[in-house]
Amino acid sequence: MPACDAFDSGMGMTPEKTGFLLRFHGERGRAALSVHGAGFNEIATLAWVRAGHADSRAETLLHPLERSYYVTIPAERRRNGYLLGRHAAKYALGAETRAVEVCIEAGSMGQPVLTGPGCGGRELSISHQDALACAVAGPATTPITLDLEAVDPEHTEAILAKTTQRERALCGIGLDGDTDEWATVLWTAKEALSKFLRCGLGCNLQVLEIGDLRKTAERLEGHFRNFPQYRFISWVPAPGYVLTLVLPAALELSVSTSNDSLFSKDAKEDISDVGFAFRHSADS
Ligand SMILES: CC(C)(COP(=O)(O)OP(=O)(O)OC[C@H]1O[C@@H](n2cnc3c(N)ncnc32)[C@H](O)[C@@H]1OP(=O)(O)O)[C@@H](O)C(=O)NCCC(=O)NCCS
């Protein structure tokens with residue numbers, strides 16, 4: 001039984017208003033996210049790209065500095081991930097026609113640092129998983145980070161070994177839920193928080209402990225025990241994957257219907273891909 005069904009079938013959580021969820025259809029897509037609350041009303045962009053997209057070429061995507069790093073990456077898997085992640089990031093920035101002018105360097109903690117025309121005051125977060133990469137870009141005033149993982153049963157045991165009893169109880173692990181999917185939700189939430197904090201996972205993972213988790217109409221949401229000022233939102237954007245966003249707890253997130261000029265007609269159509277959640281995780 002997928003995680004969402006476990007929620008639906010009596011985890012004692014109250015469904016709330018419909019939130020946003022996006023399905024990663026097609027080879028590439030993006031959607032405008034409305035980020036609002038605490039006096040802010042901003043637009044961020046979530047973009048995704050699949051491996052093999054025709055525009056995934058280093059010559060047309062990478063800034064000279066990125067390219068000089070790219071050619072030194074020894075492992076092909078890492079090299080491909082780097083390129084696909086940069087592709088998603090530049091698509092999220094709406095910079096595909098001037099991608100080589102935008103530079104995403106690694107900061108001292110490995111975090112993406114953005115420079116280039118139109119990039120002032122903007123931040124982004126990147127995640128890549130072999131065949132799929134995604135990125136979220138938006139104003140630095142309303143930061144969002146993300147983590148995408150493939151649901152891999154071979155990783156479940158190692159993930160669960162690093163969870164607390166409280167987390168396992170929250171997720172219904174040990175009952176009859178889909179343990180692999182639950183474990184991936186926990187892991188992506190911690191990875192996305194570690195990107196927000198910039199510490200990565202090189203810390204005591206208990207510090208990143210999840211404090212609460214609930215099901216709204218179409219997504220899983222939660223907070224962190226030691227960081228109540230942040231929250232996370234998880235869903236299944238494509239079969240076999242879990243995506244988690246972390247953002248300030250005071251901010252609401254929804255798919256925007258804004259006419260932001262960043263979006264092409266095609267891209268706007270991506271925005272209509274709402275309404276998919278864990279209950280669709282078995283889609284082919
Ligand atoms: C940072 C980390 C959480 C990334 O997660 P991941 O699942 O490995 O990889 P993802 O594809 O989701 O994310 C990679 C992107 O995160 C970003 N990133 C890397 N370090 C980051 C940091 N400290 N803060 C914010 N973002 C970071 C980068 O943009 C990176 O992509 P790029 O290198 O192509 O630019 C993880 O690699 C990590 O913890 N690194 C620290 C090393 C460590 O302590 N490892 C112990 C593992 S138990």
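All heavy atoms count here, side chains included; hydrogens, waters and symmetry mates do not. Just so you know, ligand 1 is whichever comes first in the structure, and atom 1 is the first atom listed for that ligand.
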ask   = Can you name the closest pair of heavy atoms from Asp147 and Ser127 and give their distance?
value =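 So the minimum-distance heavy-atom pair works out to OD1-OG, 3.5 Å.
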ask   = What are the two closest heavy atoms between Thr179 and Thr156, and how far apart are they?
value =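 So the minimum-distance heavy-atom pair works out to CG2-CG2, 3.8 Å.
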[atom2] on [Y] to [atom1] on [X], rounded to 0.5 Å:
| X | Y | atom1 | atom2 | answer |
| --- | --- | --- | --- | --- |
| Leu193 | Phe224 | CG | CZ | 4.5 Å |
| Phe232 | Thr145 | CZ | OG1 | 12.0 Å |
| Arg214 | Leu220 | CZ | CG | 11.0 Å |

Which option, [options], owns the non-hydrogen atom nearest [atom]?
| atom | options | result |
| --- | --- | --- |
| atom 36 (C) of ligand 1 | Met109, Gln129, Glu123, Glu191 | Glu191 |
| atom 27 (C) of ligand 1 | Gln111, Glu66, Arg86 | Gln111 |
| atom 28 (C) of ligand 1 | Ser127, Gly110, Ala135 | Gly110 |
| atom 33 (O) of ligand 1 | His128, Arg78, Arg198, Arg79 | Arg78 |

inquiry  = Strictly below 4.0 Å, N to O, side chains only: are Glu96 and Arg28 in salt-bridge contact?
reply    =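 Arg28 and Glu96: not salt-bridged.
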ask   = For atom 15 (C) of ligand 1, what is the nearest protein heavy atom, given as residue, atom name and distance?
value =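 The answer is Ile126 O, 3.4 Å.
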ask   = Does the side chain of Thr163 come under 3.5 Å of the side chain of Arg168 through a donor N or O and an acceptor N or O?
value =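 Present: a donor and an acceptor within the cut-off.
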Would [atom] count as contacted, meaning some protein heavy atom under 4.0 Å?
| atom | value |
| --- | --- |
| atom 9 (O) of ligand 1 | no |
| atom 42 (C) of ligand 1 | no |
| atom 22 (C) of ligand 1 | yes |
| atom 45 (N) of ligand 1 | no |

message = Checking contacts here: is it the side chain or the backbone of Asp147 that comes within 4.0 Å of ligand 1, counting heavy atoms only? Could be both or neither.
response =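 It is the side chain that gets close, since no backbone atom is under 4.0 Å.
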In ligand 1, which numbered atoms sit nearer than 4.0 Å to a non-hydrogen atom of [X]?
| X | value |
| --- | --- |
| Glu149 | 7 (O) |
| Gly200 | 39 (O) |
| Ser194 | 3 (C) |
| Gly202 | 43 (C), 44 (O) |
| Lys195 | 4 (C), 5 (O), 10 (P), 12 (O), 13 (O), 16 (O), 24 (N), 25 (C), 26 (N) |

ask   = Do Tyr241 and Phe24 have ring centroids that are under 6.0 Å from one another?
value =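 Between Tyr241 and Phe24, which both carry aromatic rings, the centre distance is not below 6.0 Å.
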Check whether any N or O atom of [X], backbone or side chain, sits under 3.5 Å from an N or O atom of ligand 1, and answer yes or no.
| X | answer |
| --- | --- |
| Cys199 | no |
| Lys162 | no |
| Leu201 | yes |

inquiry  = Applying salt bridge (charged side-chain N to carboxylate O under 4.0 Å, His left out), can you list everything that pairs with Arg78, at least two apart in sequence or on another chain?
reply    =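 With neighbours one apart ignored, the set is empty.
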query = Taking only residues two or more places apart in sequence or in another chain, which ones pass salt bridge (charged side-chain N to carboxylate O under 4.0 Å, His left out) with Glu209?
reply =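 For Glu209, the residues satisfying salt bridge (charged side-chain N to carboxylate O under 4.0 Å, His left out) (neighbours in sequence not counted) are Arg225.
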inquiry  = Using 30° and 60° as the class boundaries, would you call the ring planes of His87 and Tyr91 parallel, tilted or perpendicular?
reply    =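 Taking Tyr91 first and then His87, their aromatic rings stand perpendicular (interplane angle over 60°).
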request  = Spell out, as yes or no, whether a donor-acceptor pair under 3.5 Å connects the side chain of Arg50 to the backbone of Gly26.
outcome  =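 Yes; at least one donor-acceptor contact below 3.5 Å.
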message = If the contact criterion is a heavy-atom separation under 4.0 Å, does Ala106 count as touching ligand 1?
response =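 Contact absent.
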